[in-house]
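Here's the structure we're looking at; comments come further down.
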Amino acid sequence: MGKKVRASKDSAVFSAVAYVVLALISVACILPFLLVVSASFTDEETIARFGYSILPRKFSLEAYGFIFKFPETIFRAYGITIVNTVCGTLAGLFLIAMTGFVLQRPDCRYRNKISFFIYFTTLFQGGLISWFILMTRYYHLQDHRLVLILPGLMNPFLIILMKNFIKASVPHEIIEAAVIDGANDFRIFTDIVLSLAKPGLATIGLFLALAYWNDWFTSSLFISTPAKYSLQFYLYNMLNNTQAMRQMAQTGAAIGVEAPTESVRMAMAVVCTGPILFLYPWVQKYFVKGLTIGAVKG
Amino acid sequence: MKRTLLTLVALCLAAAISFAGGTTQSQTAKRTTATGLDISQPVELQFWMLGDAPKDLPAIEAEVNKLAMADLNCTVKYNYTTWTDWSQKYQLLLTSGQPIDLIFTAEWTDYQRYAKAGAYKDITALMPVAAPVLNKFVDKSGWDGVKVGGKIYTVPAMYKEYVYDGFEYREDLRKKYKLPEINSLATMEQYLETVLKNEPGMVGIAETLAANQFSAVMSLTAEMLHPWLDRGMPQYGLAADNAKPREMFPYWGSAEHLADLQLFKRWADKGFWSRSILSSTEDIATMFQTGKLALKMAGINPNKFATDLVAIKATHPEWEIGYYPFSRTTGVVHPVHPTHNGYAVPAASKNPERALAFFEKMVTDKRYNLLTQYGIEGKNYVADNGYYKMVGDSNTNGFGRESMNGWAWRNPEYMLFAPSYDAVKKLFAEFDKVATPDLYNGFAVDYLPFQTEKTALDSVTAQYLAPLQAGLVPDVEAGMAKFMAEAKKAGLEKIQAEYNKQWLAYCDDMGIK
Amino acid sequence: MMTTTRSLRKKDGLSGVLHELSKNRILYLMVVPTVVFFILNSYMPMFGIYLAFTRYDFRGGIFGSPFIGLQNFDYLFKSGSLWRITRNTVLYNLAFIAIENVLEITMAILLSRIGGRVFKRTAQSLMFLPYFVSYVILGVFVYNLLNYEKGLVNTVLLSLGGEKFDAFNTPRFWPFGLTAAYIWKTVGYGTVIYLASISSISDEYYESAQLDGATVLQQIRFITLPLLKPTFITLFLLSVGRIMRGQFELFYNMVGGNGVLFPTTDVIDTFVYRSVTKSFDIGLGSAAGLYQSLFGFILIIAVNRVVKRVNEDYALF
């Protein structure tokens, strides 16, 4: 009896401390983001004269108006990015999980060599020029929609993380049991691993989705048809365009160039973040206690 | 899961198959142009330009292709690098060896260096054959100006404009405080002091983030102080008097340099700019247009002034903008160097003659030129009394004036200007009276002999000279001595000797006395 | 003792390789797509490393350009900055690794132990927000916060009767400032990894520990932390290989090219960026990248070997 009381008292103290610390950190994390949102609803002049604040000093939809000036183009960019993210994440997650599964099998003799083979690519890179030459002249991916998906499918960092997650959540005994029952490795992967390693899958899936969602670099290098731009690139490019037009020595009055830049930059951040913030809570539930217990007991 | 993978694989295969797509059937009938250029085979030219494509580009491209097929049995595809990472893309386009036929060049995109490294085709012999009209249209000084090692690698633009500098200020504030005309350092100082004292929240002078070394203030004010110091100088501390261009002398470390630095210190102490200016993230164009900046000084040429006039009239019609070009004080101004806007044929092009012939059409043939500069007459623009007038506004019109960024294929004979440009034209007329040719911007020094020293010097300049220029160092004399000592340690003398050597060789090449 | 149905006898030589491949053929087939991907996307482009040793000329292309040996490395090694930039890069990375992981583990543990589901989910989401604020925006905010005349920090200091703080002219401040900015931006992301690891720990351990009377702190010390060790070591090893690569976006956007702060803020990536963009030479960037790669390679091989001797499972390869 006495033991239980002591246990609950100290866990209550711990919880209280935890709540306070987490609350503080959460506030620190959200504050700058509030500045971003508030600045996106202000006009450029107010920002330039008075700086940033938590609540907009003067409410204005100028920045959003600028971004959504040609709504069809931005919605198309949204569409492209969503398709890329979904396809890339599903395909990539499957391949990464499969690789991670193989790499953590103690009975796979060459797993360390393969791990090194994969990891080595993060140490040495051939550089942008040679990669660009291969992609455009030999793989013919110039201005092709696949180029937005393919390079991002595999990431050594995620593969290694996945390997760890699978090792931690799928005890080797379960796999051995399945082998005895006559299942082949691929079946073991699809039936057992994919259902037991949910926290790992959710994490890697989230990271992969974020990487695809935020990618503007691939569009910048390879895509020349505006209809195929990803959302991030479309917006980022819009910003660069207005800034560059300001720097360039142009003949003749540039018409309609009083484009807001700071407020647009903020609005861009909001526009890009919005959809992901809806994804994240849905993914969160997989980080709750695992489902591994019970499987080994039986 | 499996199904998704299979779908993806199917997509890949479909994509690969679509690439095996058809090429156009070649006509076998022999065709030549009036000058004897063989145009029997239809080709598609890949044309690359910097910046973003205008919205209505496909329509214009279609019209141009109609003409091009009839005249030259070719079509063109216009491609744009966008402004994102454009210089890296430019480099990739050339190094990847893609078959590009025409690409923009300028001294500010490293034209000379790319030419020396063999990125462009040598068109000296090709021009008279493939594009004789254009060959004659460009005058001798144009061709001479773009020569690298005696050979021609680009077709220069013929529109003579001035991008020389000056500063903009708030004329309405000057009048409000009954200040004298701003035409000298003293009057500038007076203006700034009064305005900053009476208009809280305003900043005197600022610098755009890209520069980050506050050198713009230094070199531009120096342009006003020292008529002999040309725009773009000092280079590695060297400067030359316009009267004696061959003789480069060290400006860094000189008495004038010290005096200039002390001036900046005085201005910094008066609070004309922020002490944190070296890390500033603020954009000066925005600052000026929103009324935060009193004096805009970095890279302000007449065009920027005209842009501001239009922009500010829309948002703050009660303000007045004044512009003062440095040439009024110094009497020195140059039109742009021929290398400022040009078009070259990359080395990997398979159709150099056709590309040049096509470019000739774009510049000299009025139909092509007006289409690609202003759009379709009646739909995108109208010529109103010799002026350019946009149809609709920027939201409805998909092709604004020069929205294809056609700076390099302007033809002065066909150009149309907006009425607001008259202010700029007036300044250009003023410049014409005193203009002398630009001697310096055609010279691009080869860094390889002093690459290491250059890197070291860049770090030293950023660490020691920039704060001096921003007036942040309490003891200017000591600070300058420290800078000079560090610069010498980094190898300044070696750099200056090598630079001088190459400059003299360039002068000999170009016939500069 | 239960043995697996597959033979544990290892055979040597070519027949050994073939035996292994056929024994586990499905496993190896499952990694074929990955291997092909890396060959096409990462190994084939490696010929670009040769650029580090040439002076690029378009007439010759990558392999036809004049070979200049190690000359492209001179600007790195001989310009006098090498010690400073290497030291800064390594020290910042060590600080980042240490503080980041400690904080992330702490946050993950705290989050996993509190009861309120709504609070938990909200805190997690909020902690993730910094990921979406780009370094460019963060740079703008930091400038607004710290600039000498109008910055919020200085306004507050003045109103409290103190003196203004000239952040952008004080090199000593920035190691703290930059670390704080980096931690702020990455904590949420990394916490997720540890959270996922914690959630794979079976509840049974905690239940039986609690029955034995263990306090919360004891449970953390004896159950959670040891079971998080593999994840931590993996993340640590992954960081070691990249120890010579700085967070370019972070450094460039926070302080820009402000030379006054170079002694404490100039890292390899910003140094190279400055040298390469103002210069035209293509081989320079490749040379710097090769330097960073070699250094990281040697380091990770050594560290991985040490880790392997302690516990083979923890090693990366």
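Predicted model only: the values in this text are computed from it and were never measured. Chain letters run A, B, ... following the sequence lines, proteins first, then strands; residues in each count from 1.
Looking at B:Lys489, there are no atoms closer than 4.5 Å to chain C (heavy atoms on both sides), in backbone or side chain. Neither the backbone nor the side chain of B:Leu457 has a heavy atom closer than 4.5 Å to any heavy atom of chain C. Proximity to chain B is limited to the side chain of C:Asn169, based on heavy atoms less than 4.5 angstrom apart. Only the side chain of C:Asp166 comes within less than 4.5 Å of a heavy atom in chain B; its backbone stays farther off. Contact of B:Ala119 with chain C is made through backbone and side chain together, with heavy-atom distances under 4.5 Å. With a 4.5 angstrom heavy-atom cutoff, C:Ile68 does not touch chain B via any of its atoms. Contacts between C:Phe271 and chain B at a heavy-atom distance below 4.5 Å involve the side chain alone, from C-beta outward. Contact annotation for B:Tyr120: neither backbone nor side-chain heavy atoms come within less than 4.5 Å of a heavy atom of chain C.
Remark: the backbone N or O of C:Glu149 is not paired with any side-chain donor or acceptor of C:Asn154 at under 3.5 angstrom.
Judged by a 6.0 Å distance limit and a 45° cone about the ring axis, C:Lys164 is positioned over the six-membered ring of C:Tyr148.
In terms of heavy-atom pairs under 4.5 Å with chain B, the best-connected choice from C:Val136, C:Leu284, C:Leu76 is C:Leu284. Counting heavy-atom pairs under 4.5 Å between each of C:Asp266, C:Val142, C:Ile282 and chain B puts C:Ile282 at the top. Between chain C and the residues B:Gly97, B:Ala456, B:Ala117, the largest count of heavy-atom pairs under 4.5 Å involves B:Ala117.
A pairwise comparison of heavy atoms in C:Arg25 and C:Ser22 identifies NH1-O, 2.8 Å as the closest pair. The shortest heavy-atom contact between C:Ala181 and C:Met254 is CB-SD, 4.3 Å.
Annotation: B:Phe104 is not in aromatic contact with B:Tyr90 [ring centroid separation under 6.0 Å not met]. Less than 6.0 angstrom separates the ring centroid of C:Phe168 from the ring centroid of C:Tyr143. In this structure, C:Tyr75 has its ring center no closer than 6.0 Å to that of C:Phe73.
Under the 3.5 Å distance criterion, with hydrogens and angles disregarded, a donor-acceptor pair is assigned to the side chains of B:Thr154 and B:Thr105.
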